[in-house]
Amino acid sequence: MAYTGKLDKSVTIRTLQSMKELGEKFVTVALYDAPMAAMAERCGVQAVLVGDSLGMTVLGYDSTIPVTMEQMIYHVEAVARGNKKSLILGDLPFMTYAAPEQAMNNATRIMQAGANMVKLEGGRWLEETIRMLSERGIPVCAHLGLTPQSVNKFGGFRVQGRGQQQADTIAEDAKILSNAGADLLVLECVPAQLAAKITQIIDIPTIGIGAGRDTDAQVLVINDILGLTEIPPKFSKNFLVEAGDIPSALQQFVADVRKGEFPEDQHIFQ
Ligand code: KIV
């Protein structure tokens, strides 16, 4: 299949904000190397995330907790070399943003490696950190719901926000962090109704993964799109099976998200 939907110019946070305002869905892929980053650009992926999921997908750890700043920088540099048009998000790894000053120093390193935005996992305790980064010119993507760096606190990779009290806390956190200056919000493994509500009550774009169809964007990990994960999560889909080759699989993911056809009912938590 020929490539379609190429990005005609570089994507910025303003592009994604105006897509939310127009009700146009955008696509994010978590990926880790230059050739895949280049392919994402050719397939019209608006944002690429150099996720600390690389600890599990590339480096063979059981969680994201062992991932270091040096590993993140290495992969952000590779992705930035391969892709000049998508917005590049880089994760700050476990315990590298536990205090605001530390977050600023480490976010600086991720930005200097080639990211356009940093991503942090956690709720209202990050309010001061996000305000500090945002006021100093570092865009921030917040991340709520199943935040994998807290896997030990959650007692496993589990859906979050199923009870009313937990759902209210996540929705309040989303408000607090967007008011503090966050530019994007990832919602991972939360009931679809909660993600839909949060997408309505905050002005910044939401990116869902296992969060239903009503977020402003979707993200999947490239390994899941390409069927490389031994036990794939319920919310993911192997696009390679039907598409037949890697570019077509990525292109199908882009097309299905843009049309609101992914996720399907079997990928959603109610
Ligand atoms: O690390 C990662 O790839 C992520 C996505 C799954 C959202 O945080």
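Note that ligands are numbered from 1 as they come in the structure, with each ligand's atoms numbered from 1 the same way. Values in this document were obtained by computation on a predicted structure and should not be read as measured data.
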Colleague: Are Glu41 and Lys84 close enough for a salt bridge, meaning some N to O gap below 4.0 Å?
Modeller: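 Salt bridge between Glu41 and Lys84, a charged N being under 4.0 Å from a carboxylate O: no.
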Colleague: Atoms of ligand 1 less than 4.0 Å from Ala30 heavy atoms?
Modeller: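 Contacts of ligand 1 toward Ala30, numbered from 1: 3 (O).
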Colleague: With no hydrogens and no angle check, just 3.5 Å: does a side-chain donor-acceptor pair link Asp214 and Thr199?
Modeller: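 No donor-acceptor contact under 3.5 Å links the two side chains.
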Colleague: Can you find a side-chain donor-acceptor pair between Tyr32 and Thr57 that sits under 3.5 Å?
Modeller: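 Yes, a side-chain donor-acceptor pair sits under 3.5 Å.
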Colleague: Taking only heavy atoms of Asp91 into account, list the atoms of ligand 1 that are under 4.0 Å away from them.
Modeller: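 Those of ligand 1 that fall under 4.0 Å from Asp91 are 1 (O), 2 (C), 8 (O).
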Colleague: Out of all atoms in ligand 1, which are within 4.0 Å of some heavy atom of Leu49? Include the element for each.
Modeller: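 Within the 4.0 Å cut-off of Leu49, ligand 1 contributes 2 (C), 3 (O), 4 (C), 5 (C), 7 (C), 8 (O).
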Colleague: Do any N/O atoms on Lys119 end up under 3.5 angstrom from N/O atoms on ligand 1?
Modeller: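 For ligand 1, there is an N or O atom that lies under 3.5 Å from one belonging to Lys119.
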Colleague: Distance under 4.0 Å to a non-hydrogen atom of Gly51: what atoms of ligand 1 satisfy this?
Modeller: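 So the answer, numbered in order with elements, is 1 (O), 2 (C), 3 (O).
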Colleague: How far is atom 6 (C) of ligand 1 from the closest protein heavy atom, and which atom is that?
Modeller: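 Protein heavy atom at minimum distance: Ile209 CD1, 3.7 Å.
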Colleague: Assess whether a salt bridge exists between Arg213 and Glu261, defined as any Lys/Arg side-chain N lying under 4.0 Å from an Asp/Glu carboxylate O.
Modeller: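 No, Arg213 and Glu261 are not salt-bridged.
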Colleague: Go through ligand 1 atom by atom and flag the ones less than 4.0 Å from a non-hydrogen atom of His143.
Modeller: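 Near His143, the atoms of ligand 1 are 8 (O).
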Colleague: Report yes or no: do Glu101 and Asn105 form a side-chain donor-acceptor pair below 3.5 Å?
Modeller: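 Checked: Glu101/Asn105 side chains show no N/O donor-acceptor pair below 3.5 Å.
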Colleague: Is it the case that over 12 heavy atoms from other parts of the model lie below 6.0 angstrom from the CD atom of Gln165?
Modeller: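 At most 12 heavy atoms, drawn from other residues, nucleotides or ligands, come within 6.0 Å of this atom.
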Colleague: Using a plain distance cutoff, I'd like to know if Ser53 has any nitrogen or oxygen under 3.5 Å from a nitrogen or oxygen of ligand 1.
Modeller: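 Among all N and O atoms of Ser53, at least one is under 3.5 Å from an N or O of ligand 1.
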